[in-house]
J.: 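My structure is below; once you've seen it, I'll send some questions.
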2 protein chains.
Amino acid sequence: MSDCEACVVRNRAICSALLPDELAILSKLGRKQHVSRGQTLVWEGDEALVVANVISGVLKLSVSTADGREQIVGVVFPSDFIGRPFGKESSYSVTALTDAHVCIFTRAAFDGFAKEHPDLQHKLLQRTLDELDRARQWMMLLGRKTASERVATLLLEISNRMGSTSCTQILPFLDEFELPLDRQQMGDVLGLTIETVSRQLTKLKEANMISLPDRRSVVIKDRHRLQDLALAA
Amino acid sequence: MSDCEACVVRNRAICSALLPDELAILSKLGRKQHVSRGQTLVWEGDEALVVANVISGVLKLSVSTADGREQIVGVVFPSDFIGRPFGKESSYSVTALTDAHVCIFTRAAFDGFAKEHPDLQHKLLQRTLDELDRARQWMMLLGRKTASERVATLLLEISNRMGSTSCTQILPFLDEFELPLDRQQMGDVLGLTIETVSRQLTKLKEANMISLPDRRSVVIKDRHRLQDLALAA
DNA sequence: CGATTCCTTGATCAGTATCAAGGGCGGTGG
DNA sequence: CCACCGCCCTTGATACTGATCAAGGAATCG
């Protein structure tokens, strides 16, 4: 039973569709939960028993094969919605990439509430449509882009998403940021190996498009050339 | 102003969320339109001015780069919904792969109607969630599967989707079917070249998993082995 | 301070793309 | 009805990108 009024993602999460008294009801259904880096909230193939809003931190959605190949199919940031409302098992796992806080609901409770609140469903629909567009752009990357184009695209995407959810300032993007992903995870998002990611980052650094102050930090030094390389439309 | 009551996809399209009198109103907003093979209904980057239900035929959703690379990011079958309701430009083109009939609405008219009909939005949300799950499974294919796994997966997927929308019988899948895609388009869905697709089909044929009576026909002779190869969960 | 984990770099390999040629099918016009 | 033409598909030879194998180095944590 959290204080939604004071929630840092209050105005960006789907909750923004609700009036104060509706929010009060929803707040009784959910609870704030800490998730440690590496902890898995939902397992691929399990029935989707919970949904959640991300308050802080970054989580990955991932699919894997029996023989151990993994593909990250989504990365979620603060104010994003997690989970599969209205039935069905989850087709992917949800795992924290950083320590995170989420506002979690049982699916049954959330579904019941959502059924009564069309505005919430509308917000959810818009978010899902946006997510689908993003997934499709990523399909183009995975199907048709080269390794260097993929890495450039990822850096710009993270820059944009971190910028738009940044608390400190409402910028369209950030030129300096901390990667929420390690090299292996970058490979898993891009459909590449860790070695290829590393080599491409080195190339971008040598071409003076970026610098890498430490293994988790990126500074974009020439956004324009990076965008050209990323085939940004 | 079409006769929705008699519509062949009446019970499977999103219209199934509506009561007869609501359907009568919606029917006045839309019209039935023929789309010839190869004709493009929506262009990538254009403002999304129309949405539609597919009545018959098959269409592709595709994204392309300035230098001519193309990725098919979705294939839609009868009863599927096309378009991006509630604002935004389309992030992909929609083109008929076969001659098709669609029930088309201006986005403005559809949005207005949908706003007043939560059940319709609910149906749309469920469809969009399903589509997102499918897109994410495809991301795994594009990022991590080998050429032979990809081709096997595609054949099974088409078999399943044609089966579930087949008018003649409600089967879970079909063992014999006509491909709505030529080799180039199969490559564009799978992130492969036409030559690689052709070679993999030949291999599947030589391994007696399928036969290819003519260039557009496929017969699945050993679904079980094909599923193993496709890494079907 | 040592151990472990993560990252980079190098050498080699493999899978798929590219380049190139030929064949079969369907459509068209004589 | 048949011959020709064009398109799509298959197959082969070669090239190249990124994967794999391997080793060393840097940052992090106890």
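Keep in mind that this is a model prediction, so the values were computed, not measured. The sequence lines fix the lettering, A, B, ..., with proteins before strands; numbering per chain opens at 1.
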J.: At their closest point, which heavy atom of B:T40 faces which heavy atom of B:S93, and how far apart are they?
T.: CG2-CB, 4.4 Å
J.: How close do B:Y92 and B:S90 get, counting heavy atoms only, and between which atoms?
T.: O-OG, 2.6 Å
J.: Output the rounded distance in Å from CZ (A:R216) to P (C:dC7).
T.: 7 Å
J.: Search all heavy atoms of A:L179 against all heavy atoms of A:M186 and return the closest pair with its distance.
T.: CD1-SD, 3.9 Å
J.: Test for a donor-acceptor pair under 3.5 Å between the base of C:dG10 and the side chain of A:R199, counting only N and O atoms.
T.: yes
J.: Once side chain to side chain contact (heavy atoms under 4.5 Å, CB included) is applied, do any residues pair with A:Q137, and if so which ones, sequence neighbours excluded?
T.: B:V63, B:S91
J.: Looking only at side chains, do B:K145 and B:T153 share a donor and an acceptor under 3.5 Å apart?
T.: yes
J.: Is any side-chain heavy atom of B:R150 closer than 4.5 Å to a side-chain heavy atom of B:T196?
T.: no
J.: Tell me if the side-chain of A:R144 makes a donor-acceptor pair with the base of C:dT16, cut-off 3.5 Å, by modelled atom types.
T.: no
J.: Expected output is a numbered-order residue list: members of residues 93-101 of chain A with a heavy atom under 4.0 Å from any atom of DNA chain C. What is it?
T.: none
J.: Applying side chain to side chain donor-acceptor pair (under 3.5 Å) as the test, list every pair that has at least one member in residues 180-192 of chain A; sequence neighbours left out.
T.: A:Q184-A:D188, A:D188-B:R144
J.: Is A:T202 close enough to C:dT9 that one of its side-chain N or O atoms is under 4.0 Å from OP1 or OP2 there?
T.: yes
J.: Apply side-chain hydrogen bond (donor to acceptor under 3.5 Å, both in side chains) to B:K205 and list each qualifying residue two or more places apart in sequence or on a separate chain.
T.: none
J.: So which heavy atom on A:V9 is nearest to which on A:S79, and how close?
T.: CG1-N, 3.6 Å
J.: Identify each atom pair where a protein N or O and an N or O of nucleotides 20-26 of chain C are less than 3.5 Å apart, giving names and distance.
T.:
unit_1: C:dG24; atom_1: N2; unit_2: B:R215; atom_2: NH2; d: 3.0

J.: Whole-Å distance between D:dC8 C1' and B:D188 CG?
T.: 14 Å
J.: For the helix from C:dC1-D:dG30 to C:dG30-D:dC1, how many degrees between its two end axes (five pairs per end), to the nearest 10°?
T.: 40°
J.: Can you check the A:L212 CG to C:dT9 C1' distance for me, whole Å?
T.: 15 Å
J.: Hey, which of A:V218, A:V189, A:L181, A:L174 is the one that makes side chain to side chain contact (heavy atoms under 4.5 Å, CB included) with A:I158?
T.: A:L181
J.: Could you identify which residues of residues 179-187 of chain B place a heavy atom less than 4.0 Å from some atom of DNA chain C, listed by residue number, or say none?
T.: none
J.: Determine whether more than 12 heavy atoms belonging to other residues, nucleotides or ligands lie under 6.0 Å from atom CD of B:E176.
T.: no
J.: Taking the side chain as everything from C-beta on, heavy atoms only, tell me whether B:I220 gets closer than 4.5 Å to B:L156.
T.: yes
J.: Sequence neighbours excluded, which residues qualify as side chain to side chain contact (heavy atoms under 4.5 Å, CB included) partners of A:R134?
T.: A:E131, A:E157, A:R161
J.: Could you tell me how far apart A:R37 (CZ) and C:dC6 (C1') are, to the nearest whole angstrom?
T.: 11 Å
J.: Using nucleotides 14-18 of chain D, report all nitrogen or oxygen pairs with the protein that are shorter than 3.5 Å.
T.:
unit_1: D:dG18; atom_1: OP1; unit_2: A:A147; atom_2: N; d: 2.7

J.: Considering only distance and modelled atom types, tabulate donor-acceptor pairs under 3.5 Å from the side chains of residues 96-106 of chain B, sequence neighbours left out.
T.:
unit_1: B:T98; atom_1: OG1; unit_2: B:V58; atom_2: N; d: 3.0
unit_1: B:D99; atom_1: OD1; unit_2: B:R37; atom_2: N; d: 2.7
unit_1: B:T106; atom_1: OG1; unit_2: B:A109; atom_2: N; d: 3.2

J.: How many whole angstroms separate atom CG of B:L201 from atom C1' of C:dT16?
T.: 15 Å
J.: Which atom pairs, one a donor and one an acceptor, fall under 3.5 Å between side chains of residues 43-55 of chain A and the rest of the protein, sequence neighbours left out?
T.:
unit_1: A:E44; atom_1: OE1; unit_2: A:S64; atom_2: N; d: 3.0

J.: B:I194 CD1 to C:dT16 P: how many Å, rounded?
T.: 17 Å
J.: Using the test side-chain hydrogen bond (donor to acceptor under 3.5 Å, both in side chains), find all partners of B:D67 that sit at least two apart in sequence or belong to another chain.
T.: B:T65, B:R69
